[in-house]
Amino acid sequence: MMGIRAARGRAISLGALTLLASLGLASCSDIDNALFGAPDETDMSQASSVPGTLPSGQSVQPPSAQPAPPAAEPSYQPAPSEAASAEQPQIESAPPPSSAPMMASSAVTPVQIESGSDTGTAVSKTVANLRAQLVSIENHVSANGQRLASLHGEAAQNATAYHEAKARITARLQVGTTRGNPELVAEWNAAQAALDQLTVNINAMNTLATDIANDSSNAHYVLDQISATFNVSGAVDEDHRQLSVLEDETSQTIILIDRLLKDVSEDVQRQTAYAGNERANLTTLASAIKNGELYGADLGAPAPGGLNGALSYAGSPLVVIRFDRPNVDYQQILYAALSQALQSRPGAAFSVVAVSPTRGSVAAVQLAQTAAKRHAQEVLRTITEMGVPASRLSVASQTDPAATSSEVRVFLR
């Protein structure tokens, strides 16, 4: 008897599967075909002729899609060994990932405003008017919460696009590439466009903060009017009860508005600082693309923390760049020296000194001085591109009998 019931259960399962397949469940079949391969007509014919068997390319539908057994007969639970042998892989489609993560601060639950009855008094009409004003404010709060959630999503998309473009640039520069690679220039333009969109998002948040502040002013005005209405004569007890409820609802609305305004203000401050830092980093990245190699963070950004103990240079130059051959590669050494100095003294200024030798004829000395000044201007331009403000840089020139070629010395001052 148990064997008959098992066969009947499998036959019912197969019948439900055949019916659902004939209705064209494209999503399940597409997943099955992608994972196991599409079943051919021979397998389908064998599945329809042999009860209780399924082709290897099909999966059992979830239990919710199978018809329930007749109520008159008890449901049959197979033994553990039979259940293991009859178990088929189940494919469940995962929900699509959200395109923009939502922040917890964007969730707004409006206060439910209780409706009141008309008692026929003048105070009752005032209560109804105040209630209508509060309902309008609640509608604004709900709309502003949705605007904030939308702006959060846009900010996340823009930040993602920016960091993806920046990561592609950094990866190419890390392994080395050509100077002024046009592919990296295009990526840099994409990163800058994403950062510009983030600035537009910040402006929209500022506008939202203004609207929320207006709602806060209106809510406080309604609360003041409610307090004043308590002193109006000609009210009945029901009018004062409704006023008390409305006063509580208005107070809760003010708390909700203040929390929303706090979230928007914090977002504006955080994203404004973020955009400012990243624009400085983009400037440094542009210089790296120009030279085809990666330097590091922007030197104009504040250091996260000073070194243990101040560095003492005692008048010695931070770095000496000797231009004794064409195409001197000095950028990495210069960046490392400036970075170490700024970690010790974030507000430090630098002097770029062109040093020329005094050997040879007068014409040769003049040519050497001209070349040294040209190299000093080149180094000064490189330091500016690395993020050091031009107001903290100075240029000078001098001669040195011990020098054998044109040099540029960078001093900390």
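By convention here, the first residue in the shown sequence is residue 1.
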Can you see whether Q192 engages R279 through a side-chain donor-acceptor pair at a distance of less than 3.5 angstrom? no

Please confirm whether the backbone N or O of Y335 pairs with a side-chain atom of S339, one donor and one acceptor, at under 3.5 Å? no

Could you tell me whether the side chain of I289 reaches within less than 4.5 Å of the side chain of W188, counting heavy atoms only? yes

Does a salt bridge link R172 with E187, judged by any charged N lying under 4.0 Å from a carboxylate O? no

Whether K125 and D239 form a salt bridge (side-chain N of Lys/Arg under 4.0 Å from carboxylate O of Asp/Glu) is what I want to check. no

Just by distance, do the side chain of S150 and the backbone of Q146 share a donor-acceptor pair under 3.5 Å? no

Close side-chain approach of V268 and S265, heavy atoms under 4.5 Å: no

One thing to verify: whether K262 and D267 come together as a salt bridge, which I'm taking to mean a side-chain N less than 4.0 angstrom from a carboxylate O. no

Side chains of F350 and L380: does their closest heavy-atom pair fall under 4.5 Å? no

Does a side chain donor of either N201 or N158 reach within less than 3.5 Å of an acceptor in the other side chain? no

Heavy atoms of other groups near D237 CG, more than 12 under 6.0 Å: no

Can you confirm whether the side chains of R413 and S351 place a donor and an acceptor under 3.5 Å from each other? yes

Quick one, Q331 and M386 - any side-chain contact, counting heavy atoms below 4.5 Å? yes

Please test D215 against N144 for side-chain hydrogen bond (donor to acceptor under 3.5 Å, both in side chains), starting from the C-alpha separation and ending with a verdict. CA-CA 10 Å; D215 290 339; N144 290 336; 2.9 Å; yes

T399-Q369 side chain donor-acceptor pair, cut-off 3.5 Å: no

Using 4.0 Å as the upper bound for N to carboxylate O, is an ion pair formed by E164 and K166? no

Which class fits the ring pair H163 and Y274: parallel under 30°, tilted 30 to 60°, perpendicular over 60°? tilted

Are more than 12 heavy atoms, taken from residues, nucleotides or ligands other than Y221, located less than 6.0 Å from that residue's OH atom? no

In terms of side-chain geometry, is the basic nitrogen of E378 or K373 positioned less than 4.0 Å from the acidic oxygen of its partner? no

Under 3.5 Å, is there a donor-acceptor pair between the side chain of T126 and the main chain of A122? yes

Is any side-chain N of the basic residue among R270 and E266 closer than 4.0 Å to the acidic one's carboxylate O? no

d(T384 OG1, R381 CZ) to nearest 0.5 Å is 9.0 Å

